[in-house]
Amino acid sequence: MADTEKIRKRGRPRAFDRDRALDQAQALFHVHGYEGVGVAALASAMGINPPSFYAAFGSKAQLFDEILARYAQASPLLDVLDLPGIDPAAALASLLRNAASAYSADPALAGCLVLENGRSTDADAACRARGCRDVSVATIRDFVARSHPEQAQVVADYVAAVMSGLSSDARAGHATDRLVAIADMAALAIRAMLEPEGR
């Protein structure tokens with residue numbers, strides 16, 4: 001009887017740590033892209049078997065959706081737009097500088113997970129990532145529209161394009177100071193776009 005209880009205790013699986021598992025999956029998607037990671041690799045990194053993977057997350061696509069939402073929620077980049085009374089051009093300059101630093105802070109996880117997966121060769125994954133990106137662009141557009149409604153869309157599109165370039169350059173190994181210099185140049189263009197005509 002005692003031997004049977006020992007076997008049961010020894011064979012009991014460790015509790016599944018969902019947050020840790022999501023951390024592992026997020027890192028894989030960030031480094032290799034959606035199409036570069038299979039279910040077997042995800043399950044192995046999470047410390048579970050494929051049947052448990054499907055039971056916990058439904059599918060690779062559903063897991064990717066959860067990772068995208070988690071990544072976007074954890075990112076502080078857009079927080080600067082919520083500062084009371086901040087000048088729009090100054091806020092967007094800070095946003096770009098912060099992005100330049102964040103995208104190059106960890107060489108192992110360079111760039112932006114959302115933006116890089118928006119370039120995925122998997123059409124469905126790219127669509128999902130671009131949908132997440134579009135939410136951020138809309139947030140920037142709405143922020144600019146409070147003070148400059150006519151310029152809001154083009155400024156938001158420009159900021160998004162610069163951030164995409166910063167992410168790509170970070171993935172290529174460019175140093176933070178180079179990315180920040182690009183962000184500062186882009187900030188000059190944004191300020192010019194938001195200045196009243198004739199100034």
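Please read all numbers here as calculations on a predicted model, not as lab measurements.
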Look up atom CZ in F64 and atom OG in S120, then write down how far apart they are to the nearest 0.5 Å.
7.0 Å
Within a reach of under 6.0 Å around CZ of R20, are more than 12 heavy atoms found that belong to other residues, nucleotides or ligands?
no
Within the side chain of S167, is there an N or O that forms a donor-acceptor pair under 3.5 Å with the backbone of C112?
yes
Are the side chain of K60 and the backbone of V37 linked by a donor-acceptor contact shorter than 3.5 Å?
yes
Start with the C-alpha gap between I67 and L113, add the side-chain angles, then the distance that decides, and say whether side chain to side chain contact (heavy atoms under 4.5 Å, CB included) holds.
CA-CA 9 Å; I67 293 296; L113 182 148; 4.2 Å; yes
Salt bridge flag under 4.0 Å for residues D87 and R191:
yes
Could you check I86 against L81 for side chain to side chain contact (heavy atoms under 4.5 Å, CB included), going step by step and ending with a plain yes or no?
CA-CA 8 Å; I86 191 166; L81 306 184; over 6 Å; no
Answer yes or no: is there a donor N or O on one side and an acceptor on the other, between the side chain of E195 and the main chain of A192, under 3.5 Å?
no
Value for CD (Q153) from CZ (R141), rounded to nearest 0.5 Å, stands at 5.5 Å
Determine whether a donor-acceptor pair (N or O, by modelled atom type, separation under 3.5 Å) exists between the side chain of S104 and the backbone of A100.
yes
Is a donor from one side chain sitting under 3.5 angstrom from an acceptor on the other, for S101 and N98?
no
If hydrophobic clusters are built by linking Ile, Leu, Val, Met, Phe, Trp and Tyr wherever their side-chain heavy atoms come under 4.5 Å apart, do V180 and V162 end up in the same one?
no
Taking the side chain as every heavy atom from C-beta outward, state whether F57 and R18 have any pair of such atoms under 4.5 Å apart.
yes
Taking atom CD of Q24 and atom CG of D19, what is their separation to the nearest 0.5 Å?
12.0 Å
Residue pair S168 / R119, side-chain donor-acceptor N/O under 3.5 Å:
no
Is it true that atom OH of Y158 has more than 12 heavy atoms of other residues, nucleotides or ligands lying nearer than 6.0 Å?
yes
Starting from L42, can I reach Y71 by hopping between I/L/V/M/F/W/Y residues whose side chains sit under 4.5 Å apart?
yes
Hey, is the main chain of A90 close enough, under 3.5 Å, to the side chain of S94 for a donor-acceptor pair?
yes
For a 4.5 angstrom cut-off between non-hydrogen side-chain atoms, does M163 reach Y103?
yes
Any donor-acceptor N/O pair, T139 side chain to V135 backbone, under 3.5 Å:
yes
Do H30 side-chain atoms and L109 backbone N/O form a donor-acceptor pair below 3.5 Å?
yes
Are L92 and L115 connected into the same hydrophobic cluster when the rule is that any two of I, L, V, M, F, W, Y join if their side-chain heavy atoms are below 4.5 Å apart?
yes
Tell me, with the steps shown, if R178 and D169 meet salt bridge (charged side-chain N to carboxylate O under 4.0 Å, His left out).
CA-CA 9 Å; R178 290 181 66 182; D169 283 351; over 6 Å; no
Chi angles and distances behind the side chain to side chain contact (heavy atoms under 4.5 Å, CB included) call for I182, L96
CA-CA 9 Å; I182 294 168; L96 291 178; over 6 Å; no
Quick one: do R130 and D134 make a salt bridge, cutoff under 4.0 Å?
no
Is there a side chain to side chain contact (heavy atoms under 4.5 Å, CB included) between M46 and L63 once you walk through the steps?
CA-CA 12 Å; M46 293 172 167; L63 170 63; 3.7 Å; yes
Salt bridge (charged side-chain N to carboxylate O under 4.0 Å, His left out) between D142 and R146, intermediate numbers included:
CA-CA 7 Å; D142 292 346; R146 293 178 212 157; over 6 Å; no
Parallel, tilted or perpendicular: which describes the rings of F29 and Y34, with under 30° parallel and over 60° perpendicular?
parallel
Report yes if the side chains of R133 and L68 come closer than 4.5 Å at any heavy-atom pair, otherwise no.
no
Under a 4.0 Å N-O cut-off, is there an ion pair linking R97 with D184?
yes
If we only count heavy atoms from C-beta on, is the I48 to Y54 side-chain gap below 4.5 Å?
no
